[in-house]
Amino acid sequence: MFMVMKPYMAPPPTPAPPSPFEWGRTERIEELLGKDFDLAFEKGVSFYREPNAEAAWETFSTGYGPTRALAASLDESRRAELRRDFVAFHEGFPTPLGICVPREYWVTRGIRR
């Protein structure tokens with residue numbers, strides 16, 4: 001989903017700050033916490049469900065800070081393009097009950113040394 005949003009975002013400052021998505025890489029977690037913790041990882045999946053892709057747009061564009069702020073920052077034409085791409089992305093996850101988007105995450109256990 002964030003790859004859909006990225007082309008509509010302003011370019012990052014130079015040098016770019018570390019991405020918060022780095023927390024999704026076990027190597028980065030090891031780098032930050034590995035000297036003080038014995039770490040173990042388990043991959044998990046959560047599922048985001050909505051009745052349809054348009055409902056996902058409404059949920060995110062009105063209630064999820066990054067999407068809401070991005071949509072508000074765009075002129076009407078670019079906002080319509082973002083909406084089109086956002087909806088198209090979510091339409092790629094159809095089910096008999098609506099849409100269901102899998103979202104991977106890491107469960108991390110750290111035991112202080």
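Computed from a prediction, not measured in an experiment: that's the story for all the values here.
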All N/O donor-acceptor pairs, side-chain side in residues 99-110, below 3.5 Å, sequence neighbours left out:
| residue | atom | partner | partner atom | Å |
| --- | --- | --- | --- | --- |
| E104 | OE1 | K43 | NZ | 3.4 |
| W106 | NE1 | G24 | O | 3.2 |

**E30 side, atom CD; F41 side, atom CZ - distance, nearest 0.5 Å** = 4.5 Å

**Request:** May I ask you to decide whether E76 forms a salt bridge with R79, counting only side-chain N to carboxylate O separations under 4.0 Å?
**Result:** no

**Request:** Group every Ile, Leu, Val, Met, Phe, Trp and Tyr by side-chain heavy-atom contacts under 4.5 Å, then state whether L39 and W23 land in the same group.
**Result:** yes

**Asked** Which heavy atom of T67 sits nearest a heavy atom of W57, and at what distance?
**Response** CG2-CZ3, 4.3 Å

**Message:** Taking F47 as the starting point, is it possible to reach Y64 by hopping between hydrophobic residues whose side chains are less than 4.5 Å apart?
**Reply:** no

**Fill in**
The reported gap from CE in M5 to CZ in F60 (rounded to nearest 0.5 angstrom) is 9.0 Å

**Message:** Salt bridge check, E81 against R84: does any charged N sit closer than 4.0 Å to a carboxylate O?
**Reply:** no

**Asked** Quick one: are M1 and Y48 in side-chain contact, heavy atoms under 4.5 Å?
**Response** no

**Message:** Regarding R83 and E54, does a basic nitrogen lie under 4.0 Å from an acidic carboxylate oxygen?
**Reply:** yes

**Request:** Would you indicate whether R68, at its atom CZ, is surrounded by more than 12 heavy atoms from other residues, nucleotides or ligands within a distance under 6.0 Å?
**Result:** no

Under 3.5 Å, which donor-acceptor pairs link side chains of residues 90-97 to any protein atom two or more places apart or in another chain?
| residue | atom | partner | partner atom | Å |
| --- | --- | --- | --- | --- |
| H90 | ND1 | F86 | O | 2.9 |
| T95 | OG1 | L97 | N | 3.1 |
| T95 | OG1 | G98 | N | 3.2 |
| T95 | OG1 | G98 | O | 3.4 |

**Message:** If you define the side chain from C-beta out and look only at heavy atoms, does anything of D36 sit under 4.5 Å from R113?
**Reply:** no

**Message:** The criterion is side chain to side chain contact (heavy atoms under 4.5 Å, CB included); which residues satisfy it with D85, sequence neighbours excluded?
**Reply:** V4, Y8

